[in-house]
Amino acid sequence: MTAAIERLVILGGGTAGWMTAAALSRLLPPDIKIRLVESEQIGTVGVGEATIPHLRQFNTLLGIDENAFVQATGATYKLAIEFNGWGDAGSRYLHPFSGFGDDLNGIDFHHYFLRARKHRPDLTLDDFSLASWAARSGRFGPPRPEFPTGYGYAFHLDAGRYARFLRDYAEARGVERIEGRVAQVEQDPDSGHIRRLHLESGQAVEGQLFVDCSGFRALLIGDTLGVGYQSWRHWLPCNRAVALGSPAMAEPPPYTRVTASGAGWIWRIPLQHRTGNGHVYSSDHLSDEQACEQLRIAIGKPAITEPNFIRFEPGYRARSWDKNCVAVGLSSGFLEPLESTSIYLIQMAILKLVTYFPNARCEGPGQDAFNRWMALEYGRVRDFLILHYHANRRPEAFWQQCREMTIPDELARKLALFKEAAAVEHYEHGLFGLPSWLAVYLGQGVTPDGCDPRVAGHPPHKVAAHLQGMADTLKRCAESLPPHAEAVVRGVTGSPAPAELSLYGGRYGR
Amino acid sequence: MVADTALKHIAVVGAGAVAHAAAFTLARALKPSGVEVTLVVTPAAPGDQQQVEISQPALHELIGIWGLPEPALLKACDGLYGLGFEYQPLGREGFFLPFGRHGIDPAPASFEQGFFKCHPGAIAQRYSEHFLATQAARRGQFDFPVDDPRSIKSTLRYGLHLDHSRLCDTLADYGERLGLRVCKASLDDVERGVDERIAAVRLGNGERLVADFYIDATGAESRLLGEALDVGFEDWEHWLPWTVQSQLSLPPEAQPQPRARLCQTDFGWERRAGLRSCERIDALGTAQTDWVGWCRAYGQADEALRALRPGRREVFWRGNCLALGDAAGSATPLVLSELHWACKALLLWLELYPDKRLSNALQGEYNRRAGAMLAAIRDFHLAHRLAETGVTLEQRDAWPASLRFRLSLFETQGRLWPEDEEAVPQEAWIILLTGLGVQPARYDRLLDALPDGQLADLHRRIQQALDRALATMPTLSKVLARDAG
């Protein structure tokens with residue numbers, strides 16, 4: 001039997017680095033020595049301040065108290081993402097962390113919704129999501145057993161503070177932090193495996209497994225091992241972002257807002273101590289100055305930070321685990337934070353690394369399994385993001401181009417299925433299930449030709465009357481929740497909601 | 001009220017349980033939508049007479065749609081409740097493959113990992129011991145699952161042993177009361193219309209039956225989809241060599257037993273499952289098998305043989321025709337039956353349910369997902385060949401990539417790759433593979449951090465909980481008697 005790994009080195013101390021260090025110190029056997037090399041001189045990107053409910057599973061796995069975490073990271077709660085101006089300039093919809101409505105007679109709810117809209121065009125999907133009602137009314141509380149549906153929730157957090165929080169956690173569990181910059185990477189001349197990181201200080205850090213959390217620079221997986229990067233810019237046209245902080249909102253809403261701009265989109269993420277804002281855009285259509293100016297106008301208040309410009313290339317590395325190096329975070333790929341997936345992708349890479357944790361030889365089916373899994377994760381997020389760009393009726397050249405671009409076959413197939421038969425393609429693994437696809441399809445004006453023929457037999461006004469009752473119930477439930485600001489201050493009490501790897505609180509469709 | 005574009009008439013054609021189950025399910029599920037269903041019962045082949053259904057728990061989903069009281073259905077079909085399969089491979093220790101899941105949370109590693117660590121020579125046996133179903137089946141005990149996750153009985157799942165002919169008669173009977181039109185006639189001809197659609201079926205009684213949609217449940221002949229619509233066939237015989245099935249009936253065991261048995265033979269596999277009035281034995285082998293000798297060994301004259309055709313049609317749904325069961329494809333009925341595969345596929349079709357426009361995208365989605373379902377069953381059955389001493393690594397290299405990857409990951413890492421469609425729970429894969437001699441090279445290292453004896457303690461506590469549940473669990477005979485009362 002090949003020897004077990006005894007020494008593991010993480011390069012980079014941003015969100016990815018410290019999430020990795022914290023999780024591995026908890027989930028790997030204690031006899032594995034974990035060291036993390038970072039430099040205070042290198043800034044972190046710190047995007048991914050908005051999260052999805054899966055982060056609660058990560059925190060739970062680490063035994064982190066949720067209220068302590070919320071206070072330490074200046075977090076607020078998040079029930080949805082609001083999309084403004086996608087589809088057309090006037091469209092406004094939520095992508096909530098919950099399902100929509102109740103299935104009836106074994107037929108998906110949305111068929112009834114589509115039928116009811118023949119009589120009540122004013123009905124929106126959001127009327128049938130408890131998370132949406134709570135988000136719109138600025139309320140928050142964890143789901144209660146007496147509610148007719150479950151929902152998930154996530155956080156807006158200060159990524160820098162989260163990294164700091166996890167650093168304390170990891171160091172308390174024996175992770176050794178080494179300050180310094182890498183001068184040279186030493187490889188085994190035969191196998192090409194990484195042996196040591198030589199730091200500028202002269203120190204050499206030896207390891208059997210290296211986790212590359214060096215961000216866009218991809219120092220190990222890219223520079224050293226030369227693993228290729230696959231660009232998806234032809235489908236995801238934005239390649240720049242500028243971030244600006246503004247003062248905290250008096251009443252922070254429990255949702256992220258993303259607003260389409262002329263050549264990209266603008267985010268707003270409310271934290272306890274400030275508001276994160278940013279503009280993601282295409283450098284072919286907008287200069288950095290224009291992008292920053294548009295962002296300032298959108299914020300409408302003086303910024304409290306200097307603009308932070310970020311350049312990126314959307315895409316990923318098909319082999320994010322190569323030889324004895326595993327890329328986690330931006331070194332493994334970059335997908336814009338439109339659906340708040342950055343921290344999720346870090347989390348899944350860590351969980352899969354633990355599942356397929358290698359022995360000292362590092363290569364084999366476990367490595368293949370890891371790479372396959374991450375390819376699946378990236379691919380499914382990618383297609384969902386492309387849909388947001390593709391399904392629009394906006395007049396600007398940028399958006400026209402998105403509308404006319406050739407999309408991946410898998411996405412074309414999904415779109416055809418929805419348009420022809422109002423059906424959402426099913427898959428078991430990876431992000432985004434039926435409710436998510438539905439929210440974006442209908443929110444951005446992708447309208448199917450009809451609905452399930454078993455529902456098409458019911459008179460629309462009767463279906464609408466039934467659905468109205470459903471919406472009223474959900475609204476009442478949402479109104480029984482406390483104001484969001486209050487929940488942030490007081491924390492969540494009582495037994496915690498289950499923290500599952502699910503966007504929808506584990507009970508969607510029911 | 002019915003929408004203009006809705007299907008109004010569906011015809012189901014076939015002789016066996018798949019046709020009957022499909023017709024009854026459609027009649028029941030689509031009655032509120034005003035859909036008329038006609039079942040054309042074609043003459044059964046001689047080899048189809050004594051078939052026994054050893055159902056998976058998933059059949060309950062269909063029975064739920066049927067709305068029939070389960071005890072009555074079971075009685076009408078001479079049936080028993082089953083908790084799983086008792087395996088007896090050649091030259092290896094036997095093991096039990098229970099339905100259901102163990103329901104034990106990781107502590108800290110996933111439950112099976114402890115057996116990889118502590119019982120490397122007997123993983124399947126020791127792991128399987130921790131399922132309530134395994135121990136109940138050994139003692140002839142049976143109980144129904146409960147919905148309370150705190151109870152160990154919530155881990156139970158059960159299937160049914162049913163007599164096929166009686167199931168057909170029962171469903172036809174109930175069906176007619178529900179408005180299902182049952183028409184016993186041979187299928188003389190299938191008229192093909194434009195656009196790769198079926199225009200009508202001509203029956204032996206002279207009737208020309210026209211429907212909006214046709215369900216082909218004609219078995220491996222695939223008379224509608226395969227023959228009339230000319231959909232090609234991909235042969236899997238090189239993977240699944242069992243192309244002949246023979247079946248016998250023996251007197252019942254002294255006490256009814258809630259399990260089926262699967263014994264490896266020198267030619268293939270022999271399956272035994274109890275009914276109330278008899279025990280059914282069937283065997284899966286090849287054309288070279290000495291079938292006369294096999295029957296004689298049980299003191300019986302040789303029975304008609306049934307041909308199996310492992311493989312799949314290129315598509316299962318084309319135009320206005322959906323093939324179900326063997327008509328769509330077969331991974332042989334080794335563990336997961338034709339009816340099981342047909343039911344899963346039918347439920348998928350009902351989920352996607354088309355109107356007269358017969359959306360191509362909908363067909364594509366169905367064919368994609370149903371294809372993955374059948375591939376998952378194929379892989380699970382094919383893995384049984386690991387029991388054969390003659391299977392070489394070279395042969396394994398020719399197995400489907402999905403199964404090879406699963407095996408290599410399990411052998412090296414002790415992990416199971418999750419597919420979008422799975423035929424059986426992870427637990428079943430773990431028991432089958434380890435029971436047939438696949439040894440994971442490692443276990444989760446988190447277990448090394450546990451204090452000595454902690455795993456043994458956990459296993460002991462589970463055993464105690466099982467003992468408590470077993471102490472009050474009735475025998476299968478008692479449950480059947482109670483059903484009757």
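Just the heavy atoms: all of them, side chains too, but no hydrogens, waters or symmetry mates, feed the values below. Order of the sequence lines fixes the chain letters, A, B, ..., with proteins taken first and strands second; residue numbering starts at 1 for each chain.
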In terms of heavy-atom pairs under 4.5 Å with chain A, the winner among Pro108(B), Ser359(B), Ala372(B) is Ser359(B)
For Ser25(A) and Ile34(A) the tightest heavy-atom approach is N-CD1, 3.7 Å
When the 4.5 angstrom heavy-atom criterion is applied to Leu30(B) and chain A, the contacting part is side chain
Between Thr155(B) and His102(B), is there a side-chain donor-acceptor contact under 3.5 Å, judged purely by atom types and distance?
no
### Message
Using a 6.0 Å distance limit plus a 45 degree cone around the ring axis, check whether Arg380(A) lies over the aromatic ring of Phe432(A).
### Response
no
Note: vs chain A, highest number of non-hydrogen pairs under 4.5 angstrom among Leu409(B), Asn360(B), Asp420(B) is Asp420(B)
How far apart are the C-alpha atoms of Glu365(B) and Arg368(B), what are their side-chain angles, what is the distance that settles it, and do they pass the salt bridge (Lys or Arg N to Asp or Glu O under 4.0 Å) test? CA-CA 5 Å; Glu365(B) 171 74 350; Arg368(B) 187 182 70 82; 3.0 Å; yes
Max heavy-atom pairs within cutoff under 4.5 Å with chain B, candidates Arg454(A), Glu420(A), Glu425(A), goes to Arg454(A)
So, the part of Ala369(A) with a heavy atom under 4.5 Å from chain B: the answer is both
Bottom line for Glu411(B): the part with an atom under 4.5 Å from chain A's heavy atoms is neither
Interface check, chain A: of Glu351(B), Glu419(B), Glu421(B), most non-hydrogen pairs under 4.5 Å belong to Glu419(B)
Bottom line for Asn105(A): the part with an atom under 4.5 Å from chain B's heavy atoms is neither
Quiz item: How about Phe213(B) and Trp349(B): are their ring centres within less than 6.0 Å of each other?
Solution: yes
Honestly, the part of Glu422(B) sitting under 4.5 Å from a heavy atom of chain A is neither
(request) Report yes or no: do Glu112(B) and Tyr443(B) form a side-chain donor-acceptor pair below 3.5 Å? (result) no
* Asked: Is there a donor-acceptor contact under 3.5 Å linking the side chains of Gln347(A) and Gln57(A)?
  -> yes
If one checks every heavy atom of Arg415(B) against chain A at 4.5 Å, the contacting part turns out to be side chain
### Query
Is there a donor in the side chain of Ser154(B) and an acceptor in the side chain of Asp148(B), or the other way round, less than 3.5 Å apart?
no
Okay, Ile107(A) and chain B: the region with an atom under 4.5 Å from a heavy atom over there is neither
Comparing Asp452(A), Thr355(A), Leu376(A) against chain B, the one with the most heavy-atom pairs below 4.5 Å turns out to be Thr355(A)
